[in-house]
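Since this is a predicted model, take the numbers as computed values, not measurements. Below, read A as the first sequence line, B as the second, and so on, with proteins coming before strands; counting in each chain starts at 1.
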Protein chains: 2
Amino acid sequence: MRVLLIEDDTVLGAAVRDQIKAEAHSVDWVTRLDEAGDHIAAASYDLVLLDLMLPDGRGLPFLRELRKHGDVTPVIILTALDQISDRIDGLNAGADDYMVKPFDLCELSARLAAVARRYTGNPNPLVNIGDLEVDLAARSVRRQGKLLPLTAREWVLFEGFVQHPGQILSKTQLEERLYAFDTEIESNTIEVHISRLRKKLGREKIDTVRGMGYRLGEA
Amino acid sequence: MRVLLIEDDTVLGAAVRDQIKAEAHSVDWVTRLDEAGDHIAAASYDLVLLDLMLPDGRGLPFLRELRKHGDVTPVIILTALDQISDRIDGLNAGADDYMVKPFDLCELSARLAAVARRYTGNPNPLVNIGDLEVDLAARSVRRQGKLLPLTAREWVLFEGFVQHPGQILSKTQLEERLYAFDTEIESNTIEVHISRLRKKLGREKIDTVRGMGYRLGEA
DNA sequence: ACATGCCGTTCAGCTTGTTGTCAGGAAACA
DNA sequence: TGTTTCCTGACAACAAGCTGAACGGCATGT
């Protein structure tokens with residue numbers, strides 16, 4: 001399921017994003033309404049989470065505009081406690097539901113599940129890397145439909161490359177991905193994992209940038 | 001389709017009844033839970049519309065009781081705007097969907113259609129997993145027509161895999177399915193249940209992804 | 001009340017896959 | 001050519017997962 005999160009609070013936004021991800025949906029998170037408009041125009045979502053108080057304009061007119069154009073994507077609005085009238089207006093403007101901040105993540109899960117139950121089916125976006133199909137939400141990699149089994153470590157590394165295409169990731173950065181801040185490591189572990197990844201996915205998927213790190217293959 | 005409507009508001013109730021009738025379904029409308037219990041015991045319905053606020057007792061315990069007795073009739077709960085927690089509890093208690101009062105009659109139609117699609121003669125409810133036939137509505141699994149008896153926990157787990165094919169479900173997620181957010185557990189219960197599931201359904205139906213979780217088998 | 005059977009959980013011992021390390025070789029660069 | 005950096009096969013240690021067995025709870029039937 002694809003979810004668009006429109007929320008300017010970075011702390012709350014990150015928490016919500018992570019929770020949705022944890023339920024294996026894919027999330028696009030934007031902090032401004034104009035961005036949101038671009039995203040909605042470009043992709044089709046199964047659910048929109050809309051904060052009503054945003055820096056660049058109120059969410060209500062945005063929602064009305066959306067509905068006016070015939071968009072029927074389920075929208076759940078997020079409001080603060082003291083904005084009761086907003087809530088009513090929101091529902092009248094075409095929102096399907098609302099949540100009062102601060103809300104429990106369990107509550108979010110329940111709403112997600114409710115939407116997912118009647119959701120029409122935009123599959124999670126697939127990223128194509130050469131002949132590979134990567135599903136970040138499901139944590140799977142396929143070649144010609146065939147599942148390529150990656151281990152936990154291998155997946156964490158590869159995910160890093162897919163999320164930052166074209167960017168060089170140093171060994172240090174990769175180590176930090178693998179070992180959250182604590183364990184020091186002193187050997188060529190990263191090299192070994194890269195080697196194993198290449199063996200499974202194809203040599204050309206990961207480029208070596210000598211002295212700097214690694215990068216997702218161009219072709 | 002046969003619908004049981006449990007709603008004490010005479011105005012809303014009549015409107016809903018008429019709408020359902022207009023869609024060529026048959027409706028039994030009751031205003032109290034004890035009546036509802038009698039009806040359910042006597043006849044078999046395809047859908048229950050349950051108002052959570054009734055004069056003779058709360059609807060939630062009623063719903064839980066129903067599910068506890070193995071009744072899998074789809075239930076859509078009706079709640080007022082200010083009863084958010086009820087809604088969440090309702091979904092956790094086994095409701096399939098919810099609608100917020102006051103709701104549009106078009107919305108009702110849409111939900112009815114969704115339920116009808118999902119639960120009546122459509123090819124949809126039968127899922128094929130390898131040599132297995134899974135009926136999500138009836139909670140049954142068959143191999144060559146022969147029923148494979150699953151226990152409650154086993155079914156909950158397996159249902160999770162069937163509903164999220166291709167996705168990795170972590171042990172934590174599976175635990176949350178089994179113990180709705182309350183009970184902590186500390187042992188290899190999940191592993192044991194998985195083991196028993198595999199013994200009954202076939203080893204290859206559930207893949208282990210070490211360090212990450214389990215996933216429905218591909219082939 | 002007692003016996004019976006089923007189910008869920010726990011434990012212990014076993015099996016298996018992952019992963020960090022190393023070492024020798026290959027490639028890039030000066 | 002020498003030096004640095006990286007690659008990769010092999011391997012042992014360990015953690016993760018598997019599963020038979022046993023225990024206790026709950027419900028049902030006698």
Side-chain angles (χ1 to χ4, degrees), chain A residues 139 141 147-161 168-180 182-217, chain B residues 64-65 67-71 139-141 147-161 168-180 182-217:
Chain A
R139 295 201 267 190
V141 186
L147 195 69
L148 301 177
L150 294 191
T151 69
R153 295 282 206 284
E154 287 165 0
W155 174 258
V156 171
L157 284 188
F158 187 56
E159 186 185 37
F161 290 115
I168 297 177
L169 301 180
S170 70
K171 284 190 200 171
T172 317
Q173 284 174 301
L174 295 172
E175 275 175 22
E176 281 169 3
R177 279 187 78 86
L178 286 187
Y179 315 101
D182 47 347
T183 327
E184 277 295 311
I185 206 170
E186 31 183 310
S187 82
N188 59 349
T189 309
I190 299 293
E191 292 168 21
V192 173
H193 279 301
I194 295 284
S195 170
R196 289 178 184 153
L197 261 179
R198 291 212 256 236
K199 200 195 253 178
K200 287 186 182 177
L201 306 180
R203 171 145 336 208
E204 74 289 354
K205 298 300 184 305
I206 300 172
D207 290 345
T208 302
V209 186
R210 210 182 157 78
M212 313 221 40
Y214 299 90
R215 178 175 47 191
L216 196 64
Chain B
R64 279 204 200 86
E65 197 62 21
R67 292 297 187 229
K68 206 168 140 194
H69 283 82
D71 194 309
R139 311 205 173 188
S140 68
V141 186
L147 192 69
L148 300 176
L150 294 191
T151 70
R153 311 260 153 169
E154 287 165 1
W155 173 259
V156 172
L157 286 188
F158 188 56
E159 186 186 39
F161 290 115
I168 298 177
L169 301 180
S170 69
K171 283 192 203 173
T172 316
Q173 284 175 303
L174 295 173
E175 277 174 20
E176 281 171 3
R177 281 187 76 86
L178 288 186
Y179 318 101
D182 45 351
T183 326
E184 275 297 309
I185 204 173
E186 34 182 309
S187 81
N188 59 350
T189 308
I190 300 290
E191 291 166 23
V192 174
H193 284 302
I194 294 282
S195 173
R196 290 183 183 154
L197 261 179
R198 291 212 255 237
K199 203 191 261 179
K200 286 185 183 178
L201 306 180
R203 170 149 330 212
E204 75 289 353
K205 297 301 184 304
I206 300 173
D207 289 344
T208 301
V209 188
R210 261 189 183 238
M212 301 202 273
Y214 299 90
R215 176 170 46 194
L216 196 65

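A salt bridge does not link E204(A) with R198(A): every distance from a Lys NZ or Arg NE/NH1/NH2 to an Asp or Glu carboxylate oxygen is 4.0 Å or more. Ion pairing of R177(A) with E159(A) is present here, as a side-chain N (NZ or NE/NH1/NH2) and a carboxylate O approach within less than 4.0 Å.
Between L147(A) and R215(B) the shortest side-chain heavy-atom distance falls below 4.5 Å. The closest side-chain heavy-atom distance from L178(A) to I190(A) is below 4.5 Å. Put simply, the side chain of V209(B) does not reach to within 4.5 Å of the side chain of W155(A), judged on heavy atoms.
Phosphate contact (OP1/OP2 of dT5(D), side-chain N/O of K171(A), threshold under 4.0 Å): absent. In this model, the phosphate group of dG20(C) is approached by a side-chain N or O of Y179(A) to a distance below 4.0 Å at OP1 or OP2. The phosphate of dT9(C) (OP1 or OP2) has a side-chain N or O of H193(B) nearer than 4.0 angstrom. At dT8(D), one or more side-chain N or O atoms of R203(A) fall inside 4.0 Å of OP1 or OP2 (strictly under the cut-off). The side chain of K199(A) places no N or O atom within less than 4.0 Å of a non-bridging phosphate oxygen (OP1 or OP2) of dC7(D). Side-chain nitrogen and oxygen atoms of S195(B) include none within less than 4.0 Å of the OP1 or OP2 phosphate oxygen of dG17(D). Taking side-chain N and O atoms only, T189(A) has a distance below 4.0 Å to OP1 or OP2 of dT21(C). The side chain of S187(B) contributes no N or O atom lying less than 4.0 Å from OP1 or OP2 of dC11(C).
Nearest-nucleotide positions on DNA chain C for K200(A) and R210(A) put K200(A) closer to the 5' end.
Atom CG of N188(A) is separated from atom P of dA23(C) by 11 Å (rounded to the nearest Å). Spacing between atom CG of L169(B) and atom P of dG17(D) amounts to 14 Å, rounded to whole angstrom units. One atom, CD1 of I190(B), and another, C1' of dT10(C), lie 14 Å apart when rounded to the nearest Å. In this structure, L178(A) places its CG atom 7 Å from P of dG20(C), rounding to the nearest Å. Across the protein-nucleic acid pair, I194(A) atom CD1 and dA26(C) atom C1' stand 18 Å apart, rounded to whole Å. Rounded to a whole Å, the CD atom of E191(B) is 12 Å from the P atom of dT10(C). Protein atom CG of L157(B) is 15 Å distant from nucleotide atom P of dC7(C), rounded to whole Å. The CD atom of E175(A) sits 14 Å away from the C1' atom of dT21(C) (whole-angstrom rounding).
Put simply, the residue from K205(A), R196(A), K200(A), K199(A) that forms a salt bridge (Lys or Arg N to Asp or Glu O under 4.0 Å) with E154(A) is K200(A). Here the rule is side chain to side chain contact (heavy atoms under 4.5 Å, CB included) with Y214(A), and of L174(A), L197(A), D207(A) only L174(A) fits it.
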(request) Please test L157(A) against L150(A) for side-chain contact (heavy atoms from CB on, under 4.5 Å), starting from the C-alpha separation and ending with a verdict. (result) CA-CA 10 Å; L157(A) 284 188; L150(A) 294 191; over 6 Å; no
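Taking a 4.0 Å limit (strictly below) on heavy-atom distances, residues 149-156 of chain A does not reach DNA chain D anywhere.
Each of dT9(C), dT21(C), dC6(D) was ranked by its minimum atom distance to the side chain of R196(A); first place goes to dT21(C).
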